[in-house]
Every structure is written in structure tokens, then in C-alpha cells.
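Please read the structure below before turning to the comments.
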Amino acid sequence: MTAIVLFDGECNFCDASVQFIIKRDPQCYFRFAALQSDMGENLKKKYSIPEMMDSVIVIDNNTVYESSDAALAICKHLSGMWKGFYLFKVIPKSFRDRMYKVIAKNRYKWFGKKDSCTIPSPDMRNRFL
């Protein structure tokens, strides 16, 4: 079984986050699609995800996670100490999401924006939808 991570393909921080996940996901639990891609658009429609969602999205077992819940769902499946971050789930969602939204709102200003999505290397292409 695999989960899908929908990410902003034009965001430098988001692209770096995808690379971070891939390096710490030896079981290849996650597959990826840019929100702006045809597959991303199809998945947003299929799962009734709002068009203007300003968050990473995780689709796991037909359940959609967004904002801090998505980040924690990712941590839960990473190798090493990163699994431990799932313990932050005990912090109230409203507080976690406020912190998440600060980063999401400022990601272009702090990390920059690409003109287009990164093309994955041939050895990573199978991880992308």
C-alpha cells in the first residue's frame, strides 16, 4: 500500500521537502504529484479538495490529510527519528495548524518560487504520478 503526497510543484521549500521525504522513505510508502499537474488536478476533484488549498495534502487509505495533519502523517512513515515527530499529534490541531499556516503563507517569500515543476530524475520517476 502507498500514500500520495500532493505538493506545490512551484515552491522551492515544497520541492526540497519532497526530496527530504524520498531520502527517508526507504519502503517507498509515498508517491508524489504536484498540485498543478494533471494527476494533482484529478486527485483534487476525486477527493473534493478545494482548489485554493494552501497546504501539502496526503491521501492515505482514502483519507485526506491537510496542513499539520498531513505533515505528521508523513513523519509517521519516515525512517529514523522522524517517526518521533508524530508525537506532536497530541498538540491541539488548531495550534499546530496556526504554526503550519505561518510557514505556508510565507514559503515563497522565504524560500522562493520556481517557474515550473522540477522534472524527476529517471531513477526517481517511478515515485511520481
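One is the number of the first residue; the rest follow in order along the sequence.
Of all heavy-atom pairs spanning Ala33 and Met39, the tightest one is CB-CG, 4.1 Å. Listed here is the closest heavy atom pair of Lys44 and Leu35: NZ-O, 3.5 Å. Considering every non-hydrogen atom in both Ile49 and Leu43, the closest pair reads CD1-O, 4.2 Å. Scanning all heavy atoms of the two residues, the minimum distance from Phe13 to Ile103 falls at CE2-CG2, 4.1 Å. Closest approach of Asp25 to His77, counting heavy atoms only: OD1-O, 4.3 Å. Contact detail for Ser55 and Glu66: the closest heavy-atom pair is OG-C, 3.6 Å.
Hydrophobic clustering keeps Trp110 apart from Met99 (ILVMFWY residues linked when any side-chain heavy atoms are closer than 4.5 Å, directly or through intermediates). Note on Phe128: it clusters hydrophobically with Val56, by side-chain heavy-atom contacts below 4.5 Å among ILVMFWY residues. There is a path of hydrophobic side-chain contacts, each under 4.5 Å, that joins Leu129 to Val64. Val102 and Ile91 are members of different hydrophobic clusters when ILVMFWY side chains are connected at heavy-atom separations under 4.5 Å. Under the 4.5 Å side-chain contact rule for hydrophobic residues, Val58 and Tyr86 share a cluster.
For the residue pair Asn106/Lys109, the side-chain donor-acceptor check at 3.5 Å is satisfied. Side-chain contact, Ser67 with Lys101: a donor N or O sits under 3.5 Å from an acceptor N or O.
The environment of NZ in Lys89 is crowded: more than 12 heavy-atom neighbours from other residues, nucleotides or ligands sit within 6.0 Å. More than 12 heavy atoms of other residues, nucleotides or ligands lie within 6.0 Å of CZ in Phe20, so this atom counts as buried by the packing criterion. Counting heavy-atom neighbours within 6.0 Å of Asn126 CG, excluding the residue itself, gives a total above 12.
Within the 3.5 Å criterion, the main-chain N or O of Arg24 finds a donor-acceptor partner in the side chain of Ser79. Listed for the Arg127 side chain is a donor-acceptor partner under 3.5 Å among the backbone atoms of Phe30. When atom types are taken as modelled, the side chain of Asp97 and the backbone of Ser68 share a donor-acceptor pair closer than 3.5 angstrom.
Between atom OG of residue Ser17 and atom CD1 of residue Ile74 there is a gap of 8.0 Å, rounded to the nearest 0.5 Å. In this structure, Asp69 CG and Lys76 NZ are separated by 11.0 Å, a value rounded to the nearest 0.5 Å. The structure places CG of Leu6 at 11.5 Å from SG of Cys14, a figure rounded to the nearest 0.5 Å. With rounding to the nearest 0.5 Å, the separation of CG in Leu72 from NZ in Lys93 is 9.0 Å. Atoms CG and CD1, from Leu78 and Ile22 in turn, are 11.5 Å apart once rounded to the nearest 0.5 Å.
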Could you walk me through whether Arg107 and Asn12 pass the side-chain contact (heavy atoms from CB on, under 4.5 Å) check?
CA-CA 8 Å; Arg107 69 186 187 276; Asn12 287 330; over 6 Å; no
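Within the 4.5 Å cutoff, the side chain of Glu41 has heavy atoms near those of the Glu51 side chain.
Using cut-offs of 30° and 60° for the angle between ring planes, the Trp82 and Phe85 rings count as parallel.
Judged as a side chain to side chain donor-acceptor pair (under 3.5 Å), the pairs with a partner in residues 56-65 (not counting sequence neighbours) are, in order, Tyr29-Asp60, Tyr47-Asn62.
Through side-chain heavy atoms spaced under 4.5 Å, either directly or across other Ile, Leu, Val, Met, Phe, Trp or Tyr residues, Leu87 is tied to no other residue.
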